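To start, the structure under review is shown below, and the notes come after it.
Scope of the values below: all heavy atoms of this structure, side chains included, with no hydrogens, waters or symmetry mates. So you know, we letter chains A, B, ... as the sequences are listed, proteins then strands, and number each from 1. Remember, predicted model here, so these are calculated numbers, not experimental data.
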2 protein chains.
Amino acid sequence: MRATIRDVAKAAGVSAATVSRALNRPDLVDPETLERVRKAMEEMSYQPSAIARGLSARRSDTLGLIVPGITDFFFNELYKGIDRASQQHGMKVLLYDSEHSRERAFEGFSILSGYQVSGIIFTSKLVTEDYDPILQRLNVPVVLTLTQSVAKTPLTAFRIDEVRAMFDVVAYLVSRGHRQIAMIAGKLWDDRTGELRLEGYREGLRHFGIEYCDARVEFGQYRFDDGYQAMQRLLERIHDVPFTAVCTASDEMALGAIRCLNDHGYRVPDDISVMGFDDLPIARMVTPRLTTVAQPFLEIGEEAVKWLIRAASQPPSPSEIGDYLLPHRLVERESVRSIC
Amino acid sequence: MRATIRDVAKAAGVSAATVSRALNRPDLVDPETLERVRKAMEEMSYQPSAIARGLSARRSDTLGLIVPGITDFFFNELYKGIDRASQQHGMKVLLYDSEHSRERAFEGFSILSGYQVSGIIFTSKLVTEDYDPILQRLNVPVVLTLTQSVAKTPLTAFRIDEVRAMFDVVAYLVSRGHRQIAMIAGKLWDDRTGELRLEGYREGLRHFGIEYCDARVEFGQYRFDDGYQAMQRLLERIHDVPFTAVCTASDEMALGAIRCLNDHGYRVPDDISVMGFDDLPIARMVTPRLTTVAQPFLEIGEEAVKWLIRAASQPPSPSEIGDYLLPHRLVERESVRSIC
DNA sequence: GTCAACAATGAAAGCGTTGACATCGCGAGA
DNA sequence: TCTCGCGATGTCAACGCTTTCATTGTTGAC
């Protein structure tokens, strides 16, 4: 059986409380005693029970992370930021995959709170009013990443300015001589991001005096196959509504689109330019390397954790709750060509 | 404040013990009482504290997962299998990223055991004798995935037959008319996989009467850039030691190799064929689609969890501990060409 | 009619920590 | 010399659950 705090206490000739203090508030214990306790812990290879600590202190040094799907390509990047920041604060991360289901997401909140997490990071799915009841009775801080909330409960979110980002994409494309720009937008029933990016696209067109045309827009659910199929639909009417460039709502869809283009004998970027969105690691590994907009996943993850930790120590004032927009960056690579 | 088991008990007019039983052994409580308790739980939106339960019952319905790096591309696939199986058994997963550091891996074991996990899945890194002390004093079952152990402590592992897999690659290449086959092998200080795959390569050559040649082998640490650089070195001496095909130890390196080939004016597969290893999701997204060997990540994850859960309920007999080899599969796509 | 067996429940003792409070010396100020 | 203050430590009651053991009624066999 594992050594408990009392075993250590006995071995060091002190009380359990002192051992506990040696662990958590070493400044409160006599250096000499501290040394003895430390040695005892060492010898018995004592490992405090995080569970017991969690119960007693009503905190678990654990953060909960709810993601819609582990296999979403952006997950790794976001997680890296979260993990890094958590570690710096001595916290662990409990992962919960909602599998793109709203019910499972709800469940995620209660399960995680059952684990006494100090905070919950919710990712990617739009938070709507039906989350309110759960959110309301939750007694841990929640922060959103890569998404936002339209629920009543005030929630803070870390994300990029989606509209602006897509506007920038259009601006970039225009600067490279493109005027006929198609879009493969994102659409998911519980996702707002797609609409926002589409809005940015429309704003971009408008700004440069290009007429918007429904036939140049197709939708997909962010994955490779969606990109492929959307491009196929676009291609079917390319003679009626021609385009020289396509911007997409995700790198993965961009890959699908490129694949489709290749399959139909088009070269990227020679015949048609393609832009990604996200700047996942793969973006630089494929041929042609993807020109895309980089989301600051790492920073978003880190900021989310920091906010949560701050919120756990002192409840944030209403003014601190809200949307924090982090800067995106357009990464120029090879999938877009200049046409003059 | 959250409702506790006692609150529910009071509301339902029973004792806490009965509520606990209603939760864990419903067969032991009168159907009528059960109903009352259930309603009370519902009304108070009671969520049992996993922490308290863990402390009391000395189990936490949590599995620990130690991975060398979140951003390793195979992680998502493996995790999917683990998560799926865990969920079926009502378990959560606590993730620990050892960041490719042996010390952090050690730490991972004790931290996770501090969380009273019911089992630990250790991934990808070779387990050597220096793990023995930690392993020995750990009181939870451990299972290895995508790696194996050379430590004294008997450990079970789920993986593929690496040697055989690479042998199959060579056999496939030979069947497509290739005789001059280079290899970009994997090398990491705490990894055995690389050697095993190299061995399979050599065995394959031998079997088909092809002379092995050191100059046709380069090493990399499995990532994209490693593949790129290794290929560059191979290319430097291609006139002395020509090759028509390259097999690699990871899809990511294959991608890097292809990129390098492209950058030097070679076409894949027209000029040179490239084989990947792993069959990650990206393998089918790139152009050319990667011919590769598929590791059964999902199954490996699932089997590992099942084994752990079995081990937690009853200690496995020595005969059940050992290496379980799951079948790999060669996936034919477009990166290898037949030469006649 | 008696008693054993059994199903349904309650009482209470932990599980391994923490944290509020009490205690004990000891040196300093009066 | 007495007391106050303070640093160092101990005591003990939680924390929210599970689990053992004891206590009820009931039921059925003799």
Side-chain angles (χ1 to χ4, degrees), chain A residues 1-38 40-41 44-62 90 110-111 113-118 139-140, chain B residues 1-38 40-41 44-62 90 110-111 113-118 139-140:
Chain A
M1 211 70 288
R2 299 165 54 102
T4 76
I5 202 172
R6 265 182 261 275
D7 299 329
V8 175
K10 199 178 298 174
V14 296
S15 74
T18 301
V19 178
S20 173
R21 275 187 288 257
L23 238 27
N24 306 303
R25 301 287 315 273
D27 53 304
L28 292 184
V29 8
D30 186 273
E32 210 170 290
T33 316
L34 190 59
E35 192 42 47
R36 260 200 348 273
V37 172
R38 288 232 164 105
M41 296 200 294
M44 323 181 67
S45 66
Y46 166 71
Q47 171 75 31
S49 156
I51 295 282
R53 171 178 296 171
L55 182 60
S56 177
R58 275 176 274 332
R59 71 194 162 75
S60 67
D61 291 345
T62 303
S110 29
I111 289 191
S113 84
Y115 276 89
Q116 294 274 18
V117 294
S118 329
N139 51 345
V140 296
Chain B
M1 211 69 291
R2 299 165 55 103
T4 76
I5 203 173
R6 267 182 259 274
D7 300 329
V8 176
K10 200 178 296 172
V14 295
S15 74
T18 301
V19 177
S20 173
R21 275 188 287 256
L23 238 27
N24 306 303
R25 301 287 315 273
D27 53 305
L28 291 184
V29 7
D30 186 273
E32 211 169 290
T33 316
L34 189 59
E35 191 43 45
R36 264 201 345 273
V37 172
R38 290 233 164 104
M41 295 198 297
M44 322 180 70
S45 64
Y46 166 71
Q47 170 74 30
S49 156
I51 295 282
R53 170 176 298 172
L55 182 59
S56 178
R58 280 178 257 2
R59 68 192 165 76
S60 67
D61 291 343
T62 301
S110 28
I111 289 191
S113 84
Y115 276 90
Q116 293 275 18
V117 294
S118 329
N139 50 347
V140 295

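A heavy-atom distance below 4.5 Å is found between the side chains of A/V37 and A/V14. Between A/N24 and A/R53, some side-chain heavy-atom pair lies under the 4.5 Å cut-off.
Comparing C/dT17, D/dT18, C/dA11 by their closest approach to the side chain of A/R6 singles out C/dT17.
Overall bending of the helix from C/dG1-D/dC30 to C/dA30-D/dT1, expressed as the angle between end axes built from five pairs apiece, is 50° (10° steps).
Checking B/Q116 against B/A17, the closest nucleotide of DNA chain C that is more toward the 5' end is the one next to B/A17.
Look at B/T18 and you'll find a side-chain N or O under 4.0 angstrom from OP1 or OP2 of C/dG10.
Rounded to whole Å, the distance from CG on B/N24 to P on D/dG16 is 17 Å. As rounded to whole Å, 9 Å separates atom P of C/dG16 from atom CZ of A/R2. Protein atom CZ of A/R58 is 10 Å distant from nucleotide atom C1' of D/dG16, rounded to whole Å.
For B/I5, the side-chain contact (heavy atoms from CB on, under 4.5 Å) partners at least two apart in sequence or on another chain are B/A16, B/V19, B/S20, B/Y46. In this structure, B/D7 has no salt bridge (Lys or Arg N to Asp or Glu O under 4.0 Å) partners at least two apart in sequence or on a different chain. Residues passing the side chain to side chain donor-acceptor pair (under 3.5 Å) test with B/S118: none are found, sequence neighbours excluded. When the side chain to side chain donor-acceptor pair (under 3.5 Å) test is applied to B/S113, the partners found at least two apart in sequence or on another chain are A/R2. Residues passing the side chain to side chain donor-acceptor pair (under 3.5 Å) test with A/T18 are A/S15, sequence neighbours excluded. Qualifying side chain to side chain donor-acceptor pair (under 3.5 Å) partners for A/R6, counting only residues two or more places apart in sequence or in other chains: none.
Residue A/T4 is in sugar-phosphate contact alone, with no base atom involved, counting any heavy-atom pair closer than 4.0 Å across all strands shown. Counting any heavy atom pair closer than 4.0 Å across all strands shown, B/V19 reaches no nucleic acid atom.
Taken from CG in A/D61 to CD1 in B/I111, the straight-line distance is 10.0 Å, to the nearest 0.5 Å.
For B/R21 and C/dG10, a side-chain-to-base donor-acceptor distance below 3.5 Å is present, hydrogens and geometry of angles not being considered.
Across residues 45-57 of chain B, B/Y46, B/P48, B/S49, B/A52, B/R53, B/S56, B/A57 each have a non-hydrogen atom less than 4.0 Å from an atom of DNA chain D (numbered order). Contacts between residues 25-34 of chain A and DNA chain D, defined by a heavy-atom separation below 4.0 Å, involve A/V29, A/D30, A/T33, listed by number.
The side chain to side chain donor-acceptor pair (under 3.5 Å) contacts involving residues 27-38 of chain B comprise B/R25-B/D27, where partners must be two or more places apart or lie in separate chains. Sorted by first and then second residue, the salt bridge (charged side-chain N to carboxylate O under 4.0 Å, His left out) pairs involving residues 9-22 of chain B (not counting sequence neighbours) form an empty list.
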